[in-house]
Every structure is written in C-alpha cells, then in structure tokens.
Amino acid sequence: MIILGIETSCDECSIALVEDAKYIHSNIIASQIVLHKPYNGVVPEIASRLHVCWIRQVLEAALKKADISLDKIDGIAVTSHPGLLGSLLVGVNFAKGLALGLNKPLVGIDHIRAHLFAPQIEHSMDYPYLGVLLSGGHTFICNVLSYDKIEILGSTVDDAIGEAYDKVAKHYNLGYPGGVIVDSLAQKGDPMSFMFPGSEIKKPLHKYDVSFSGLKTAVINQLQYFSTGKEVTNENICASFQRVAVGMIMKRVRKALKDTGLKRVSAGGGVSANSLIRASLLDLKNDGYDVSLASLKLCTDNAAMVAGLGYMYLKDGITSSLELDATSSFRL
Ligand code: KG4
Ligand code: ZN
C-alpha cells in the first residue's frame with residue numbers, strides 16, 4: 001500500500017509517499033525557518049499562510065521525486081492534532097479535498113504517535129518499548145504498547161525540552177532555531193563550567209515527570225550562582241545546560257526501564273536529533289538494551305512518519321470520515 005502523508009502541524013510543510021510503512025519513495029520537507037527567523041520563533045499566522053501557498057507545490061515535488069501519480073496511491077494520512085490550529089487546518093482540508101476527489105480512504109494522525117512511530121520505519125521494533133518523545137512542544141516518556149496504544153509514564157509539568165533549548169538560545173542571542181545551535185556550541189564547551197540544578201518534582205502526576213523551568217531560569221537569570229569559576233562563554237553555558245537537561249531525561253529513562261522491565265528503547269521528535277541525547281541513549285546498549293533511533297531526517301517534523309503510521313491504521317481498516325477536524329491539543 002502506498003500512503004500519501006501530509007504534515008503541516010507547525011512550520012514544516014511536508015508531503016511524503018511511503019510504501020507499507022517501510023519504503024520511503026519521497027519525503028519532501030519545505031521548512032519555513034528562514035521566514036520566521038526575524039521573529040525568533042514561529043508566528044502562527046505566517047505559518048498557516050505559507051502552508052496555503054506552498055502545499056500544492058510540495059505535493060507536486062513529492063509525486064515527482066517518487067515518480068508516482070496520484071491515482072496509484074492507496075490512502076491519505078494527515079496530521080490532525082496536536083499543533084498550531086491554523087497550520088493543521090491547511091493540511092487537513094487539503095487531505096480531505098484529495099480524498100474526496102480521488103475517492104481514497106483518509107486517516108487523521110496524532111503528531112505524538114507519529115513521532116513515536118518514526119523509528120519503526122527504519123528499524124521494525126517489536127512492541128512494547130519505552131518511547132521517548134522530545135520535541136519543541138512535548139516531552140513524554142511512555143510505554144508504547146502498539147502503534148496506537150501508548151501509556152504516559154512521564155511528561156513535563158512546564159516547558160517542553162525543545163522549548164527550554166529554544167529559550168536559552170533566544171536569551172543569549174544565539175540564533176534561531178535554537179536547539180541545533182545550542183547543541184553545536186555545547187560540543188565545544190566544558191559541561192562542568194556551571195552546576196545548574198536538575199529539579200525534582202515533589203508530587204508528580206506521573207512517576208517520571210520532569211520540570212525544565214527551574215533549569216531554564218537558572219541558565220538565563222542566575223548564571224553567577226552556579227559558576228565553578230570557568231570562563232563565561234556561550235560554549236560553556238550551552239555545554240552545562242545540555243549536560244543537565246539531557247541528564248534529567250536520562251535519569252528518568254533509566255529508572256523507567258528498570259521499573260517496567262522493558263528491554264527496548266526508542267526516541268523521536270526534534271530534540272532526539274541532539275548529539276548528547278543520541279549518545280546517551282545508544283550507551284544503554286552497553287547495559288543490554290535494544291536501542292533504535294530514527295535517522296535525523298525522521299526526527300524533526302516530516303510527513304514520512306505520518307504516512308508510515310497512516311499505513312498501520314488503513315491496513316487495519318481504520319479510517320476517518322470527511323468530518324475529520326483539526327485540534328490543537330494532545331489527547332491520549
Ligand atoms: O519535533 P519538532 O521538529 O517539532 C515539534 O513537534 O515541536 O521539534 C522541534 C524542536 C525545536 O525546539 C528545536 O530547537 C529542537 O527540536 N531541536 C533540537 C535539535 N534539533 C532540533 N534540540 C536540541 N538539539 C538538537 N540537535
Ligand atoms: Zn513534531
């Protein structure tokens with residue numbers, strides 16, 4: 001089955017053609033980053049307008065790259081939640097129009113589950129596994145029971161990890177988008193320059209909940225309190241921030257693995273492209289865990305993961321009607 005995937009939940013306008021959730025014929029990602037750069041963040045109104053202008057050309061590029069015509073596709077999968085409402089609506093309505101015009105089945109896709117599914121395209125992991133979702137909008141540690149069924153074991157109670165990266169970058173004028181810049185500066189710094197606190201939550205809702213706002217405040221407003229006397233450089237600040245941010249996630253991942261007895265781990269979302277997160281997760285192999293990470297192109301927002309997950313639903317006969325609506329929030 002060849003599934004056409006559409007992803008417009010934020011600032012990437014992406015369309016992919018993926019066969020049987022395994023073979024990626026094309027995965028076109030038109031990033032709006034340069035157009036949001038002057039504002040140091042995604043402007044929702046600009047994002048949705050650009051999706052309207054670009055989506056048709058992105059579709060044509062995806063079909064051309066795959067050398068597949070629209071009549072050859074077996075179904076359409078589109079991110080319908082969570083995300084920026086205006087952006088989601090563009091993808092959802094475009095998908096509905098295609099489904100109606102081509103008389104093909106349609107399925108609405110949850111962006112969180114799509115990120116968690118992304119490593120499956122390249123690795124074929126058996127369920128269940130510990131799924132670590134680290135993105136600009138969400139932070140989840142979960143027990144992934146099937147492509148559709150997930151149990152949240154931990155979440156952020158305030159900022160998402162990517163948001164913390166982006167805010168640190170914004171405060172120190174490092175550029176936009178911040179995560180990847182902080183990551184590259186961190187690799188040149190001394191991670192022990194600042195002893196930032198990795199906060200604990202007294203009464204967490206989930207056992208492995210995490211909070212990034214204390215760390216973010218310490219990095220942005222309280223540098224002097226945590227200095228070990230090393231030079232105050234962006235490299236040293238980023239390296240110290242990254243050590244603590246990734247350490248907070250890894251501590252919970254290790255504990256969750258031990259407590260649940262799960263033997264497999266996987267990660268998805270933009271921050272799973274981070275060099276220290278990847279190295280730390282891969283290090284779990286030394287303790288006998290099976291670790292599968294998506295390649296970098298499948299970590300950040302892309303339509304291949306949407307088409308891949310869409311195949312799973314459509315293969316099982318699960319479809320959405322043309323009443324499918326976009327919603328900004330995540331639901332389990
Ligand atoms: O999954 P994604 O593309 O979009 C959302 O669903 O949010 O994730 C975007 C986030 C941004 O916060 C970006 O700064 C972060 O992923 N990011 C990184 C890296 N690459 C992207 N954060 C840390 N290190 C990276 N290498
Ligand atoms: Zn995402």
Side-chain angles (χ1 to χ4, degrees), residues 5-14 16 27 29-33 36-37 40-42 44 47 78-85 87-88 91 109-119 131-140 155-156 159-172 174-189 191 212 215-216 219 238-239 241-250 266-281 293-306 308-309 328-330:
I6 303 176
E7 158 63 41
T8 62
S9 69
C10 191
D11 62 337
E12 261 89 34
C13 190
S14 179
N27 183 22
I29 305 172
S31 172
Q32 304 178 352
I33 281 175
H36 294 284
K37 227 180 183 126
N40 260 319
V42 178
V78 60
T79 306
S80 56
H81 64 279
L84 300 173
L85 194 55
S87 293
L88 286 166
I109 295 292
D110 169 41
H111 188 73
I112 304 300
R113 286 176 173 78
H115 272 308
L116 288 168
F117 184 80
V132 188
L133 172 76
L134 307 170
S135 76
H138 300 92
T139 307
F140 288 122
S155 173
T156 175
D159 293 308
I161 183 166
E163 208 177 333
Y165 266 89
D166 293 339
K167 284 179 180 167
V168 165
K170 190 172 179 179
H171 178 80
Y172 287 104
L174 303 178
Y176 172 83
V180 69
I181 300 170
V182 172
D183 187 7
S184 73
L185 286 169
Q187 291 173 50
K188 295 175 214 132
F212 287 106
L215 170 63
K216 181 192 70 186
V219 177
C238 290
F241 161 71
Q242 180 151 292
R243 173 181 58 79
V244 180
V246 172
M248 283 162 77
I249 294 294
M250 287 310 299
S266 166
V271 188
S272 69
N274 180 269
S275 61
L276 186 60
I277 271 284
R278 291 179 87 80
S280 309
L281 286 167
L293 303 179
S295 59
L296 295 186
K297 200 174 176 187
L298 295 186
C299 287
T300 45
D301 289 350
N302 68 88
M305 65 183 188
V306 178
L309 181 54
S328 55
S329 54
F330 171 66

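Order of appearance sets the numbers: ligands from 1, and atoms from 1 within every ligand.
When side chains are defined from C-beta on, I249 counts as touching F212, because their heavy atoms get closer than 4.5 Å. The shortest side-chain heavy-atom distance between I33 and P177 falls under the 4.5 Å cut-off. In this structure, L88 and T79 have side chains that are in contact, with non-hydrogen atoms separated by less than 4.5 Å. Here the side chains of H36 and Y176 are in contact, with some heavy-atom distance below 4.5 Å.
Residue contact annotation: H115 places an N/O/S atom under 2.8 Å from the Zn ion (ligand 2). Using a cut-off of 2.8 Å, one finds that C10 contributes no N/O/S atom close to the Zn ion (ligand 2).
Partner of Y165 under the side-chain hydrogen bond (donor to acceptor under 3.5 Å, both in side chains) criterion, out of K216, K170, Q242: Q242 alone.
Below 30°, between 30° and 60°, or above 60°: for H115 and H111 the angle between ring planes is above 60°, a perpendicular geometry.
Remark: side-chain polar atoms of S87 are not paired, donor with acceptor, to backbone N or O of S9 under 3.5 angstrom. A donor-acceptor distance shorter than 3.5 angstrom exists from the side chain of S14 to the backbone of A303, with no hydrogens or angles considered. Looking at D11, its side chain never comes within 3.5 Å of a backbone N or O of S31 through a donor-acceptor pair. At least one donor-acceptor pair under 3.5 Å links the side chain of K297 to the backbone N or O of N27.
Annotation: H115 places an N or O atom under 3.5 Å from an N or O atom of ligand 1; distance criterion only. Residue G178 has no N or O atom closer than 3.5 Å to an N or O atom of ligand 1. Between N274 and ligand 1, a contact under 3.5 Å exists for at least one N or O pair. In terms of polar-atom proximity, Y165 is not counted as a contact of ligand 1, lacking any N or O under 3.5 Å from an N or O of the ligand. Ligand 1 has no N or O atom lying under 3.5 Å from any N or O atom of P177, backbone or side chain. For ligand 1, the polar-atom distance check against H111 finds a nitrogen or oxygen pair separated by under 3.5 Å.
Which parts of ligand 1 touch D183 is read off a 4.0 Å heavy-atom cut-off, strictly below it: atoms 24 (N), 25 (C), 26 (N). Under a 4.0 Å criterion applied to the non-hydrogen atoms of G137, ligand 1 contributes the atoms 7 (O). In the vicinity of T300, heavy-atom distances shorter than 4.0 Å reach the ligand 1 atoms 3 (O). Every atom of ligand 1 with a heavy atom of G162 under 4.0 Å away is listed here by number and element: 12 (O).
The residue H138 has no part lying near ligand 1, judged by heavy-atom distances below 4.0 Å.
When I161, D166, V271 are ranked by how near their heavy atoms come to atom 14 (O) of ligand 1, first place goes to D166. Distances from atom 20 (N) of ligand 1 to the heavy atoms of G270, G136, A164 put G270 nearest.
Nearest protein neighbour of atom 18 (C) of ligand 1, counting heavy atoms only, is G179 CA, 3.6 Å. Atom 3 (O) of ligand 1 has D301 N, 3.1 Å as its closest protein atom, hydrogens excluded (heavy atom only).
Under the 4.0 angstrom criterion for non-hydrogen atoms, Q242 is not in contact with ligand 1. Ligand 1 has at least one atom lying under 4.0 Å from a heavy atom of A273.
Side-chain contact check for T300 and E12: no donor-acceptor pair (N or O, by modelled atom type) lies under 3.5 Å.
Between the Zn ion (ligand 2) and the N, O or S atoms of D301, the shortest distance is to OD1.
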Can you check side-chain contact (heavy atoms from CB on, under 4.5 Å) on Q187 and L276, steps first, answer last?
CA-CA 9 Å; Q187 291 173 50; L276 186 60; over 6 Å; no
